[in-house]
Amino acid sequence: MSQLSITVDGRAVSVTDDQRPTHLFAESKEIVVCKINGELKDLWTDLKEGDVVEGVSISSPEGLSVLRHSTAHVMAQAVQQVFSQTRLGIGPPITDGFYYDFDPERPFNPEDLEKIESAMRKIVKDGQRFRRRVTNEADALKELAHEPYKCELIGIKSGAGEEASVEVGGAELTIYDNLGRDGQPVWSDLCRGPHLPSTKHIPAFKLMRSAAAYWRGSEKNPMLQRIYGTAWPSQEELTSYLELLAEAEKRDHRRLGTELDLFSFPEEIGSGLAVFHPKGGIVRRAMEDYSRKRHEDEGYEFVYSPHLTKAALFEKSGHLQWYSEGMYPPMVMDEELHADGTIKRAGQQYYMKPMNCPFHNLIFASRGRSYRELPIRLFEFGTVYRYEKSGVIHGLTRARGFTQDDAHIYCTKDQMVGELDSLLTFVLNLLRDYGLEDFYLELSTRNPEKSVGEDSDWAEATEALRKAAVAQNLELVLDEGGAAFYGPKISVQAKDAIGRTWQMSTIQVDFQLPQRFELEYSATDGTRQRPVMIHRALFGSIERFFGVLTEHYSGAFPPWLAPVQVTAIPVAEAFADYLASVVKEFKAAGIRIDLDASDDRMQKKIRNAQMQKVPYMLIAGEEDQQAGKVSIRYRNGEQKNSIAVADAITEIRSAIADRKQV
RNA sequence: GCCCCCCUAGCUCAGUCGGUAGAGCGUUUCCAUGGUAAGGAAAAGGUCACCGGUUCGAUUCCGGUGGGGGGCUCCA
């Protein structure tokens, strides 16, 4: 036995050559994997002279991934225990958890998941060691002959498919064996690793759901059954994760839409087509009114365009060529047929509009334009219809009919930089006014394979977007090659109250449409120039933004958006008349107030208003009536007594005017 | 579009191993006049999503359609 000189967490140490990282970190339970010379490795890895070893905690991002990937292995083993005829796909870690794809004899049901989960608990309890074993292609193919999907992965290893990187990838082909108490393998899986030292290092996990997924993510491949699970460094973290999910479910805008009587999706109308009820209508109108006002201040002009157009317009814009699947099919008008059914007169095809830009372009092109008019900013709450695939429709956030807060800016090249800069500031400030505070930006750049336009134009526009983004002092994420073919884009991602990110606004430069529509203006020297066109939507769609805000506020809208701002509650019926006169004053002050004159008891009325998430309750009984005052009860349960009516009105009006949350 | 699951009163859900159904909340009426999150009683309310098949008989079993959910793929 000889000595090795190595570095452990920055300290030089000397160890015998039979020592492995698992021994070095034996004292620290949270160290479950390590980096050796910068590479993530198992704790069972052999050490060499001069190795630089760092412990990696189970709570670090890398540690969590290893934990979750190892849990995925445990799940796969359990599945094959319970359903021996199941073939394995892949099983990577994902945000908050992991999944594993299987090809079972029949799809899994919830009872199956319980069985699998208890088999997993047993495996965890067994404390099976994960052992890495290097193999080669021929041996692996032989050993895994009964696993066709694994064999396929070995086959594509040379191609180094991204999605297969957890299983293969890397320089060597490796198999991980799970060793039982007697040191003999009980289960094996093709895997790159690394893994936890043993299954007993899995502190807390839970299987979440099963669903289907295409093998290797392609519609053309067979459908596999995917089981999702989650795993955490402690039971407490698992519990708080599950609580977060429960909280998200409570905030689900589809559920709140029913509970608060905001909107619905009547089956009679069709999938993905919403109606807004009176209360939802108030919220929506408040959102729109404020947006309209701010756009006015910002120099936008308001236009309107029809929901229908002849096919020629979308042929000109190109939408029919590349987007017809996403459009509702055409209506054929004025077609005349002969008695034998042949066409006598060809009809005219009309389409529902999936976008507003072509209409705005026609407005721009309706007469000659001078550089003196630019920039021209045309704004419309434009309702569009897109035939989304049935499986993707989701409440208000992914609908088939929705209204964009859409605007198109036509400017000169010289104006572009300033325009983008002020636009982004405008967008972010407006989102802040609606109560979103936490943003990051994403810049999508050109994909050279699939794009139109001059290199210099792309470079210039991308740089202008980048500058505008940097000026905001927000985190900027680069989405290399992610732009649509017609121009670069910035999107604003916003975090909601429980930390979920939503893509909100997009700002996009377009090199395609000005050409297709031959848009021009007269420049100072009298020449005809092509304007730069910028597409932008702040909400994306009003419906979607409505859904996001509903979830962000959990239905407890700030007073300026709340459908009912105040509920007036008499302590007893005798005081209803007095409160009715107070209510009149509030109404005269422009406050949305309801008097609850039902024969419920006061306690019940408070409960009802509370459940409807009304920001203020106005309560009055004997004492208040005598003094000509009211009590204010706030949504959080706090209370202010004996407030003069005029003072109450002032307080509530200013909260509304300032768009404060209470 | 694909895979799996679901659709029972306005809402949330029981239930019927095939013999046409029940609760709570809500609604209506009555009683109660109550100072900070559910006072009491009675009543009304259902082609068990729709269409077809099997059956003496279907809400229940089978098939199709519509709608919804969870994923996958997609989102100009």
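Residue A/Asp112 contributes atom CG, which lies 21 Å from atom P of B/rG70 at whole-angstrom precision. Put simply, OH on A/Tyr100 is 18 Å from P on B/rC72, counting in whole angstrom units. Counting to the nearest Å, the P atom of B/rG10 and the CZ atom of A/Phe263 are 20 Å from each other. Rounded to whole Å, the distance from CG on A/Leu207 to C1' on B/rG70 is 15 Å. Following rounding to the nearest Å, A/Gln610 (CD) and B/rC25 (P) show an atom-to-atom distance of 20 Å. Remark: C1' of B/rU73 and CD of A/Glu325 are 12 Å apart, rounded to the nearest angstrom.
Distances shown here put every side-chain N or O of A/Arg254 at or beyond 4.0 Å from the OP1 or OP2 atom of B/rG68. Between A/His394 and B/rC75 there is no side-chain N or O to OP1 or OP2 distance below 4.0 Å. OP1 or OP2 of B/rC72 sits under 4.0 Å from a side-chain N or O of A/Tyr228.
Within 3.5 Å, a donor on the side chain of A/Arg398 pairs with an acceptor on the base of B/rC75, or the reverse. At a cut-off of 3.5 angstrom, the base of B/rC4 holds no donor-acceptor pair with the side chain of A/Arg106. One cannot find a donor-acceptor pair under 3.5 Å joining the base of B/rG68 and the side-chain atoms of A/Ser271.
Between B/rG35, B/rA37, B/rC11, one nucleotide has an atom nearer to the side chain of A/Thr258 than all others, and that is B/rC11. Nearest to the side-chain atoms of A/Asn641 among the listed nucleotides B/rG35, B/rC11, B/rC2 stands B/rG35. Side-chain proximity of A/Tyr214 to B/rG34, B/rU36, B/rC2: nearest is B/rC2. Across B/rC72, B/rG70, B/rG34, the shortest atom-to-atom separation from the side chain of A/Ala572 is found for B/rG34.
Taking a pair to require two hydrogen-bonding distances under 3.5 Å in either a Watson-Crick or a G-U wobble arrangement, B/rG24 pairs with B/rC11. Pairing of B/rU55, defined by two Watson-Crick or G-U wobble distances under 3.5 Å, is not identified with any nucleotide.
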**Asked** If the sugar-phosphate is the primed atoms plus P, OP1 and OP2 and the base is the rest, what is the B/S/- string for nucleotides 38-51 of chain B, using protein heavy atoms under 4.0 Å?
**Response** BB------------
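The same atom, P, is picked in B/rA38 and in B/rG26; the two are 12 Å apart, to the nearest Å. Comparing B/rA44 with B/rG10, their P atoms are spaced 16 Å from each other, to the whole Å. Taking atom P in both B/rU60 and B/rU47, the straight-line distance is 15 Å, to the nearest Å. Annotation: B/rA21 and B/rA9 have their P atoms spaced 14 Å apart (nearest Å). For the P atoms, the distance linking B/rG15 with B/rA43 amounts to 26 Å, nearest Å. Rounded to a whole angstrom, the distance from the C1' atom of B/rG71 to that of B/rU28 is 44 Å. Here, B/rA14 and B/rC7 have their C1' atoms 15 Å apart, quoted to the whole Å. The C1' atoms of B/rC61 and B/rG18 are separated by 8 Å, rounded to the nearest whole Å.
At a threshold of 4.0 angstrom between heavy atoms, the contacts of A/Ser218 with the nucleic acid are absent. Backbone-only contact: A/Gly272 has heavy atoms under 4.0 Å from sugar-phosphate atoms and none from a base. Residue contacts for A/Gly326: at a heavy-atom cut-off of 4.0 Å it reaches no nucleic acid atom on any strand shown. Nucleic acid contact for A/His319: base, since at least one base atom lies under 4.0 Å from a heavy atom of the residue. Nucleic acid contact class of A/Arg633 (heavy atoms, under 4.0 Å, all strands): base. Contacts of A/Glu259 with the nucleic acid, taken as non-hydrogen atoms under 4.0 Å apart, are absent. Within 4.0 Å (heavy atoms only), A/Phe265 reaches no atom of the nucleic acid at all.
Between the side chains of A/Tyr149 and A/Asp101, no donor-acceptor pair is found at a separation under 3.5 Å.
Taking the nucleotide of RNA chain B with the nearest heavy atom to each of A/Met223 and A/Val571, the more 5' of the two is matched to A/Met223. A residue-by-residue look at A/Ser390 and A/Asp624 shows that A/Ser390 has its nearest nucleotide of RNA chain B further toward the 5' end.
A salt bridge does not link A/Arg400 with A/Glu388: every distance from a Lys NZ or Arg NE/NH1/NH2 to an Asp or Glu carboxylate oxygen is 4.0 Å or more.
With values rounded to the nearest 0.5 angstrom, A/Asp261 atom CG is found 12.5 Å from A/Leu256 atom CG.
A cation-pi arrangement, defined by a distance under 6.0 Å to the six-membered ring centre and an angle within 45 degrees of its axis, is absent between A/Arg68 and A/Phe98.
A ring pair (Phe, Tyr, Trp, His ring centres under 6.0 Å) with A/Phe511 is found for one member of A/Tyr486, A/Trp458, A/Phe485 and no other, namely A/Trp458.
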